[in-house]
Protein chains: 4
Amino acid sequence: MVYRRTTATEERREARRRLLLDAAIKLFSQHGFHATTVPMIVTEAQSSTGSFYLHFQNKEDVLNVALKELGQAIAKVMSGLMRTQPDALKRVSLGVETLFTFLAQNPEQARILIVESSGLSARIEQTRRAILMQQEDQVRETHESAPSLFAIENTTIAARCIVGAAFEVLYCWLEEDPKTRIPAAEVAKAVAQFNVQAVKRIPAKPR
Amino acid sequence: MVYRRTTATEERREARRRLLLDAAIKLFSQHGFHATTVPMIVTEAQSSTGSFYLHFQNKEDVLNVALKELGQAIAKVMSGLMRTQPDALKRVSLGVETLFTFLAQNPEQARILIVESSGLSARIEQTRRAILMQQEDQVRETHESAPSLFAIENTTIAARCIVGAAFEVLYCWLEEDPKTRIPAAEVAKAVAQFNVQAVKRIPAKPR
Amino acid sequence: MVYRRTTATEERREARRRLLLDAAIKLFSQHGFHATTVPMIVTEAQSSTGSFYLHFQNKEDVLNVALKELGQAIAKVMSGLMRTQPDALKRVSLGVETLFTFLAQNPEQARILIVESSGLSARIEQTRRAILMQQEDQVRETHESAPSLFAIENTTIAARCIVGAAFEVLYCWLEEDPKTRIPAAEVAKAVAQFNVQAVKRIPAKPR
Amino acid sequence: MVYRRTTATEERREARRRLLLDAAIKLFSQHGFHATTVPMIVTEAQSSTGSFYLHFQNKEDVLNVALKELGQAIAKVMSGLMRTQPDALKRVSLGVETLFTFLAQNPEQARILIVESSGLSARIEQTRRAILMQQEDQVRETHESAPSLFAIENTTIAARCIVGAAFEVLYCWLEEDPKTRIPAAEVAKAVAQFNVQAVKRIPAKPR
DNA sequence: CATGAATGAGAATTCATTCAT
DNA sequence: AATGAATGAATTCTCATTCAT
């Protein structure tokens, strides 16, 4: 049956790939990209070096795949939630909150995005930047969809500020002791509030 | 002459160290930490491997020293300029502008701080964070020096937002084509404005 | 077939390991431990650096493994021959002769044991001493199995004397020109005789 | 005054050389030849690298000088004591005792001779062997001076046995805890006794 | 004579990737 | 497809020795 694409074999193949990818994400997050060796990944995934190279081009490729997957996951989460909100200002606020919360719930991926994928190859840098830019684009679009609500001149800079602010706070939050740190939702709200006030137009004082 | 502590030998030693450090900064900034090898550094500095290890414990140590030096330079620039400004809000604005401008004028060090020192050892991470925290502390102190001017509840988060915003914009600016990008001073102003509006208390509309 | 524990892969692995070990023994014996480099070993074994570190922890580890193997070989040779001899004095004599002859037949290992493994790390020293002590213990046991035959007070010292004597003569013999030196068997006999006379009780002259 | 060879300057020079030599002996004995670096020696001697090479050809040279000095010291001690003893058997006994005791009193040099100078260059090996041979020669001469007293056929082998026995016991003694080990004099006596009995002719039982 | 900074050859070791089984 | 042994290029770092001051 040539028609069925997803045979049992392919499913097993996909499962193995998943295992390797998850192992890599876990280890990259824990030890960083360079300190994680391919043998470490295949041991963690209970697989073998040969298999690894059957599923990924090379070590960097896994990181790249992981980042792309994360980018898609973020995009999905964001687009879903943002379409429903008609108020542009609230959309900014909701966007920041959602992004923050989502990444806080996926701390390993977040760490990889923020810390571990920095300073590697140009290809990784590009994938990494694509995720940030995707966020910045979204913010920019929102701004431009209702300019009258915003007090911003350079929307590009504003968008970058918003994303930068969110990621820096997220990074610090990830480093904090999970037992004692402020709940993610609360921090997300504060960051959203900061950013919204930064960009919203303050109505002129009435007579 | 008891006064001369720095003999000719010591001066030469220090000069050699400087040469190595500058070469390392240049190369780290260009190729990244991992892609820069010790032979590359010593060739650039017209020195030798042996000398390198005479002046630095290992490759990571140079990066650490470079970061620490940058931290001190930033602290110096910031403290000088900020003491003179009595208005807390303006101090925030000036601080952001100064930080941004200073780093934009030292793009190699800025790149190392923002991009290349990420995801390395714990020791480097600590030095790197110390610089960011130093900035965050300064922002926080300013907030707390005149709370009535600010609309912020959690000053820690606000401080992190400000620093994150500045660094993200700076990072993007560094990546842009030097020939066509907006002048640093202008970008610095925009970032400062964003951050100030984010934190300042908007006076209640008088009846 | 549950019985076959050693798969073809494992056999090849073991063969490669053997090749490396033998090459190392040969070179250590020829040039000494420090003068032998890992590249030299892998070239001799027609293998590669990577393989070397796949089979051994580091350069010192090969030496350690070689010494341990030698220790076992000696133990095997000694135990086999000594169990059959009921007369304690003859057992001492036979032991010395056997040890000497065995090492004379394995001159590379003997050189490593006597000369090249001296003055290295504590770990090597321990392995080396374990072999000597194993011999000393054997001598001591023999003494203590039939005390009336021996004129020795301190059996520990006597045992050390015997081992020291044997190894010193062996060392000199190894250094001599193989073409002109006295046959090992003859030297072994002389050493055995020396040691036996040193320890045996001389019956009191009858009236 | 050209005639005076030992000027104050030369004395100081000699003193410096002595300092370096003693430092080297101490460190070689403690850490072994390879683990001792020239910087370690000059630091210990409160001197400088340059000075080191002013007094010695290279690192190996210090070891060689130390060994030669030790060889002379041993020769002096032995010759002095042995000339006075007319009985050849007692001379053997006294020789072994004296050698053992002398080295036990100079444990650092003893360690270097027995352990640390093994497995190095041919030149060192030669110096090292010269010391052992010097002892063996002495034993042999004694044997040959009064053959009727000895039951030995091959005096060379006997001499080597004696030296080997003494050094092995000495090595073990040096390794033992100084607080709990048997006094050197006692061990020396036991070794001497072992060796004497090994070589002396036992008079035929008279009718 | 003394100093110690500079040199650079040389060694150990790692690890991404390949490929025979 | 899966395995894991084998490869060897590449990198870090050490340390004996030299030599300008």
Side-chain angles (χ1 to χ4, degrees), chain A residues 9-10 12-13 16-17 34-43 46-62, chain B residues 7-17 20 34-42 46-61, chain C residues 7-17 20 34-43 46-61, chain D residues 9-10 12-13 16 34-43 46-62:
Chain A
T9 303
E10 256 183 67
R12 253 185 290 125
R13 183 184 156 82
R16 168 65 53 97
R17 186 185 149 97
H34 274 107
T36 301
T37 68
V38 174
M40 278 164 82
I41 297 172
V42 302
T43 301
Q46 307 211 63
S47 182
S48 64
T49 336
S51 270
F52 182 91
Y53 284 91
L54 234 44
H55 291 287
F56 302 97
Q57 287 166 39
N58 49 43
K59 200 176 87 165
E60 203 189 275
D61 188 39
V62 214
Chain B
T7 67
T9 303
E10 268 180 61
E11 266 169 32
R12 254 181 294 123
R13 187 185 156 82
E14 186 47 38
R16 170 62 53 98
R17 187 186 149 96
L20 285 163
H34 274 108
T36 301
T37 67
V38 173
M40 279 164 80
I41 297 171
V42 303
Q46 306 211 64
S47 180
S48 64
T49 342
S51 266
F52 182 90
Y53 285 95
L54 216 57
H55 291 286
F56 304 98
Q57 287 167 37
N58 49 45
K59 204 177 80 169
E60 199 189 279
D61 189 39
Chain C
T7 67
T9 303
E10 267 179 61
E11 268 169 33
R12 252 182 295 122
R13 187 184 157 82
E14 186 47 38
R16 170 62 53 97
R17 187 186 149 95
L20 284 163
H34 274 106
T36 301
T37 68
V38 173
M40 280 164 78
I41 297 171
V42 303
T43 302
Q46 307 212 65
S47 181
S48 65
T49 345
S51 266
F52 182 90
Y53 285 93
L54 217 57
H55 291 286
F56 303 98
Q57 288 168 36
N58 49 44
K59 204 177 80 169
E60 199 189 280
D61 189 38
Chain D
T9 304
E10 254 182 71
R12 254 186 290 124
R13 182 184 157 81
R16 168 64 53 95
H34 274 107
T36 301
T37 67
V38 174
M40 278 166 79
I41 297 171
V42 302
T43 302
Q46 306 212 62
S47 181
S48 65
T49 335
S51 270
F52 181 91
Y53 284 90
L54 236 44
H55 290 287
F56 302 97
Q57 289 167 37
N58 49 43
K59 200 176 86 166
E60 202 188 276
D61 189 38
V62 214

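In what follows, every heavy atom counts, from backbone to side chain, and hydrogens, waters and symmetry copies are set aside. Below, read A as the first sequence line, B as the second, and so on, with proteins coming before strands; counting in each chain starts at 1.
- Atoms CZ (Arg12(B)) and P (dA5(E)) sit 10 Å apart, rounded to a whole Å.
- Base engagement by Thr49(C) is indicated by at least one non-hydrogen atom pair under 4.0 Å involving a base atom.
- Nearest-nucleotide positions on DNA chain F for Leu54(C) and Gly50(B) put Leu54(C) closer to the 5' end.
- Comparing atom distances between the Ser48(B) side chain and each of dT7(F), dT7(E), dT17(E) picks out dT7(E) as nearest.
- At whole-Å resolution of the value, NZ in Lys59(B) and C1' in dA10(F) are 11 Å apart.
- The phosphate of dT7(F) (OP1 or OP2) has a side-chain N or O of Ser51(C) nearer than 4.0 angstrom.
- Both distances falling under 3.5 Å, in either a Watson-Crick or a G-U wobble arrangement, place dT21(F) opposite dA2(E).
- Taking every heavy atom of both residues into account, His55(C) and Arg17(C) meet most closely at O-NH1, 3.2 Å.
- Put simply, CD on Gln46(C) is 14 Å from P on dA6(F), counting in whole angstrom units.
- For the pair Arg17(B) and dA6(E), the criterion of a side-chain N or O lying under 4.0 Å from OP1 or OP2 is not met.
- Between the P atom of dT11(F) and the OH atom of Tyr53(C) lies a distance of 18 Å, rounded to the nearest Å.
- Here dT12(F) presents its P atom at 15 Å from CZ of Phe56(B), a figure rounded to the nearest Å.
- Atom CD in Glu60(C) sits roughly 12 Å away from atom P in dA12(E) (whole-Å rounding).
- A close approach under 4.0 Å does occur between a side-chain nitrogen or oxygen of His55(C) and OP1 or OP2 of dA6(F).
- Straight-line distance from the CD atom of Glu11(B) to the P atom of dG4(E): 17 Å, rounded to whole Å.
- Where Pro39(C) and Arg16(B) meet DNA chain E, the nucleotide closest to each residue was compared, and Arg16(B) sits on the side nearer the 5' end.
- When heavy atoms are screened at a 4.0 angstrom cut-off, Thr37(D) is found touching the sugar-phosphate backbone but no base atom.
- No engagement by His34(C) is indicated, since no non-hydrogen atom pair under 4.0 Å with the nucleic acid exists.
- Contact between Leu54(C) and Arg13(C) at its shortest, heavy atoms only, is O-NH2, 3.8 Å.
- Atoms CZ and CD1, on Phe52(C) and Ile41(C) in that order, are 4.5 Å from each other to the nearest 0.5 Å.
- With rounding to the nearest 0.5 angstrom, the CD atom of Gln46(A) is 12.5 Å from the OG atom of Ser51(A).
- The separation between Phe52(B) atom CZ and dA9(E) atom P is 18 Å, rounded to whole Å.
- The distance from the OH atom of Tyr53(B) to the CG atom of Asp61(B) is 10.5 Å, given to the nearest 0.5 Å.
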